[in-house]
Structures are given as structure tokens and as C-alpha cells.
Amino acid sequence: MTELRETFVKPDAALEGASTLSAAGARLAARWKGLAGTINTLNGGHPWGDDEPGQAFNKDYLGGEQPAQKVLDLAAGVVPVVEQMGPTVKGAVEGTVDVDDMVKTLFGGEGK
């Protein structure tokens, strides 16, 4: 037989954490947008030069398996997820509180 475990959440503290996470995600998204734009602009300008060593670097860095673009693409996929974490947590906490209040009301408990 499994042991019943209960989980308790302090909604105000969880919502404060969600707010902090939302702000951090928004800052990350704004900073990433600026950085990615700068990186793309710099890469487009061939900052390593058009001499033989610069061309060799460009070939390996921007061509072939394109490690530079892979990093940009990976971050472009991760940043929006981080940006949505705070609002998602907020929605989950608010939904849980609403369900708890509804259960109290429907089953004879005291509502808020």
C-alpha cells in the first residue's frame, strides 16, 4: 500500500516567485534579442577578414556544420520557453487556488 503524501503551497509566495521568474524571463528575452542581432550583424560582416586566415575561419565557423548558427538556433528555441515559465507557474498556482476554493464551496467547506 502506498503512503499518502500531501503537498502544500503558499500561494502568495508562489505567485511572488512566478512574478520574479516572469521578470527574469522578460529580461533574458530582451537581452537575447539584442545579442542575437549583434552576433548576426557581426557574422554577416566577416569580422575575421577576407584574407586567407579569415576565410578559413569563416568556412569553419559559419559553414559546414555551422556551429555558430546552431548556438543561435538553440538559444532561439530555449529563450521563449524560459520567458513563458513565470506566466505558466502563475496560471498553475491561480488555477490550483481556484479549484481548492471551488471544492470547499461544493463540498460544504467555507469559501473565501
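From a predicted model like this one, the values you see are computed outputs, not experimental measurements. Hydrogens, waters and symmetry mates play no part in the numbers below; they use all other heavy atoms, side chains included.
Between the side chain of Glu83 and the main chain of Ala26, no donor-acceptor pair closer than 3.5 Å is present.
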Let me check something: any side-chain donor-acceptor pairs from residues 88-98 under 3.5 Å, sequence neighbours excluded? List them with distances.
unit_1, atom_1, unit_2, atom_2, d
Thr88, OG1, Gln84, O, 2.7
Lys90, NZ, Glu94, OE2, 2.9
Thr96, OG1, Ala92, O, 2.9

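Checked against side-chain contact (heavy atoms from CB on, under 4.5 Å), Val71 has no partners two or more places apart in sequence or in another chain.
In this structure, CG on Leu28 lies 8.5 Å from CZ on Arg31, to the nearest 0.5 angstrom. The distance from the CZ atom of Phe57 to the CG atom of Asp51 is 12.5 Å, given to the nearest 0.5 Å. Rounded to the nearest 0.5 Å, atoms CG (Leu15) and CG (Leu21) are 12.0 Å apart.
Side-chain contact between Trp48 and Asn43: present, with at least one pair of heavy atoms (C-beta onward) separated by less than 4.5 Å. By the 4.5 Å heavy-atom criterion applied to side chains, Trp32 and Leu72 are counted as neighbours.
Note on Val99: it does not cluster hydrophobically with Val9, by side-chain heavy-atom contacts below 4.5 Å among ILVMFWY residues. No continuous path of hydrophobic side-chain contacts links Val78 to Val81 [ILVMFWY only; heavy atoms under 4.5 Å].
Here the shortest heavy-atom pairing between Gln55 and Asp50 reads NE2-O, 2.7 Å.
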